[in-house]
Amino acid sequence: MRHIIEALQKLSRNLWWSWDTEAKELFKELSPLVWERVNHNPVELLRHISQDELKARLDCEFGKKLESVKKRFEEYLTAKDTWAAKNAPSLTEKTVAYFSAEFGIHESVRIYSGGLGVLSGDHIKSASDLGLKFVGITLFYKEGYFHQCLNQDGWQLEDYPLQYPESLPLEKVTDPDGKDLIISLDIAQNEVFAQAWYLNVGRAKLYLLDTNIPANESHYRDICSRVYGGDQNMRINQEIVLGIGGIKLLDALGIDPAVYHMNEGHSAFLTTELLARELAKGAEFEEAKEKVRQQCVFTTHTPVAAGHDRFSRDMMHYTLDRYLQKSGIAFDDFLRLGTEDPSNLHGLFTMTVLALRLSRNANGVSKLHGQVSREMWQHIYATASPDDVPIGHITNGVHTASWSSGFTEKFWRRYTDSLDTLTASQDEAMKVLAKVSDEELWCLRYRLKRSLIDFIYRYLSNQLFHQHVYTTYLEADSSKSSKNPLSPDVLTIGFARRFATYKRAPLIFSDIDRLTRIINHPTMPVQIIFAGKAHPHDDAGKHYIQQIVEHTRLPQFKGKIIFLENYNLGVAKRMISGVDVWLNNPVRPMEASGTSGQKTALHGGLNFSIPDGWWPEAFNGENGWSIGSGEQFENHEAQNHHDAEKLYDVLENQIIPTFYDRNVDNIPVKWLKKVREAIATIGPVYNTHRMVKDYTLKYYLTD
Ligand SMILES: *Cc1c(COP(=O)(O)O)cnc(C)c1O
């Protein structure tokens, strides 16, 4: 009995469980209800269940299952024959240190906001799976990112529930005497202290710096309150803790990384601390710069101007001058590293520019984004042509095991030993697919869609239960649940992501009459599920949410177009596995990569997207649909009009007829051909195993 509880506790303290279907099921089985209530958090679950109750649950079946999970977990932690051992042995000895302001590992650990965080989370998981010696560095945000609810007018309200370290699998970093390890930082005229936690993510460790300690004034404690919270001043403070604090932490831990990877410019101050260290060792400024450059790798993530942090000279001076003086770095020398035009040091200091100038490698996150980034930053390098700008690309991917629903994984395991085989190569995928009949594949689609619809009803009634006033259609239909209009027979489109305006969430509502006919077609109807959060300061994004919510209340759309509150990793996983079509309609080329569409493939979902981000690379004419061919207009109205027309055209003339074209057994044979094509071409390429291998071979390894 005791050893069983200990085993469960041990499992709960390594996020490996979050991408292992059976480990997850163990926790869920203990109490499906509590599991839901604690937001799928096993640490909380184990706290909620009494010893007696546990005893009653621990039957022989459960014990056997636990034994097998435990065995696999132990094998995973100690495996020696990893990809890295064969292909990058030096990086099984020396550490890759990966810095990111957010990590989306699981919905129960709320230290992420959107795609960037999900990418970091998937990156660290793959690094662990592949056997790299790898640490992540981020901040511990006690309020995380906000919880979204909508008021009666469809306006987004933000609520910041606290997350407590004791409710999470966080371990405190201590010094050799067992005391809390504290690092100190200079911010403005003050000394600011940070403690640190770590999360076990498989074999990797994710360190989280935390200024919320009594030694700090409340102003500085709040640095680690919210993901991307506060004003510019808060932002620069967060970035000092992340970058400079991160290096100090690694040093205190005795970790001497082989390479520092800056995932987005937020962490670029790490170069400053590295510079200070080289200067302290006696190097000249230029020499120190070169040494730092040789150790750093930088990934830029967006062509959107607001996505690049820029700080005024005054703010830089106020916040960093004392630190720079102590470090022996002249203020103007430092400004010259981050100012776009070094001959005008009164311009803004751009974190991306600092990162570009102090990295040996820089990359965008899709082929198209690489090209856009070379054009965007050409002036920094003053090259004759954008083609000569040394910014490459590594296209983003997703962590396959994390993004497969338990049902999907079990489905594929009927035909192959593991998902890794299915995603090993297109040929391997085709071999597996050859064993699957159309009936079986269609069955998978049905089951996943039913499961999504069931989830949506539970989710919406839960919203009601918690007194949230937003109630799409339930206001009218809650008393007659048998009249639930969502149906697994109906072509289901999903759209969910951050509500940044360039993503144009309401585009499909451009022509309401046309959409009304599409949704309510007598024999070929369509239903749409939306979700997504707008940044708390982004009123334009909130207006988009409001517009969509207002549309969901129109009589012709009620119950057929749904908006789900509080998009997060859990909701994302439900949506990407259940929908038939994943819609993405950003303004090209603003979507650096996008990853949500990559998550749908193994579930048999099809992408319908503007050829932006990863999609132009992946789309082959058969594995989904493109909205237009990348036509770009100066005028916003013209662009929106053009793209909306294309969207309707493809939807009406290709997607809908293909979906409803059935054989005598009511199976959409042509549709399933596309599904097969998507599974074979997307899964094997757009995954983080491939991505982390690319980073390792192209950028992390120096020999
Ligand atoms: C995958 C994911 C994203 C990224 O979505 P994009 O469409 O690539 O922007 C954002 N948020 C969550 C919760 C996700 O799971």
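Both counts, for ligands and for their atoms, begin at 1 and track the order of listing.
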Is there a polar contact between ligand 1 and Tyr112, counting only N or O atoms under 3.5 Å apart? no
Can you check whether Arg497 has an N/O within less than 3.5 Å of an N/O in ligand 1?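 Such a contact does occur with ligand 1.
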Which one of Trp614, Trp582, Tyr567 has a non-hydrogen atom at the shortest distance from atom 12 (C) of ligand 1?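 Selected option, by shortest heavy-atom distance: Tyr567.
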Looking at non-hydrogen atoms alone, which of Ala496, Ser593, Gly115, Gly570 comes nearest to atom 4 (C) of ligand 1?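 When every heavy atom of Ala496, Ser593, Gly115, Gly570 is considered, Gly115 comes closest to atom 4 (C) of ligand 1.
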Lys503 heavy atom under 4.0 Å from ligand 1: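 Yes, Lys503 has a heavy atom closer than 4.0 Å to ligand 1.
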If we only consider heavy atoms of Trp403, is any one of them less than 4.0 Å away from an atom in ligand 1? yes
Measure the spacing between OG of Ser108 and NE2 of His40 and express it to the nearest 0.5 Å. 9.0 Å
For Leu569, take its heavy atoms, then give the atoms of ligand 1 lying under 4.0 Å from any of them. 13 (C), 15 (O)
Give the atoms of ligand 1, by number and element, whose distance to some non-hydrogen atom of Asn568 is under 4.0 Å.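 Those qualifying, in numeric order: 13 (C).
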Shortest protein contact, [atom] (heavy atom only):
| atom | answer |
| --- | --- |
| atom 8 (O) of ligand 1 | Thr595 N, 2.6 Å |
| atom 1 (C) of ligand 1 | Lys599 NZ, 1.3 Å |
| atom 7 (O) of ligand 1 | Ser596 OG, 2.5 Å |

Measure from the ring center of Tyr699 to the ring center of His261 and say whether it is less than 6.0 Å. no
For this output row, return yes or no: ring centroids of His123 and Phe134 closer than 6.0 angstrom.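 Under 6.0 Å, so yes.
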With no hydrogens and no angle check, is any side-chain donor or acceptor of [X] less than 3.5 Å from a backbone partner on [Y]?
| X | Y | value |
| --- | --- | --- |
| Ser405 | Thr408 | yes |
| Gln163 | Arg110 | yes |
| Asn584 | Ser609 | no |

For Tyr446, does the six-membered ring have the charged nitrogen or CZ of Arg450 within the cation-pi criterion, i.e. under 6.0 angstrom from the centroid and within 45° of the normal?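 Geometry flag: not set, cation outside 6.0 Å or 45°.
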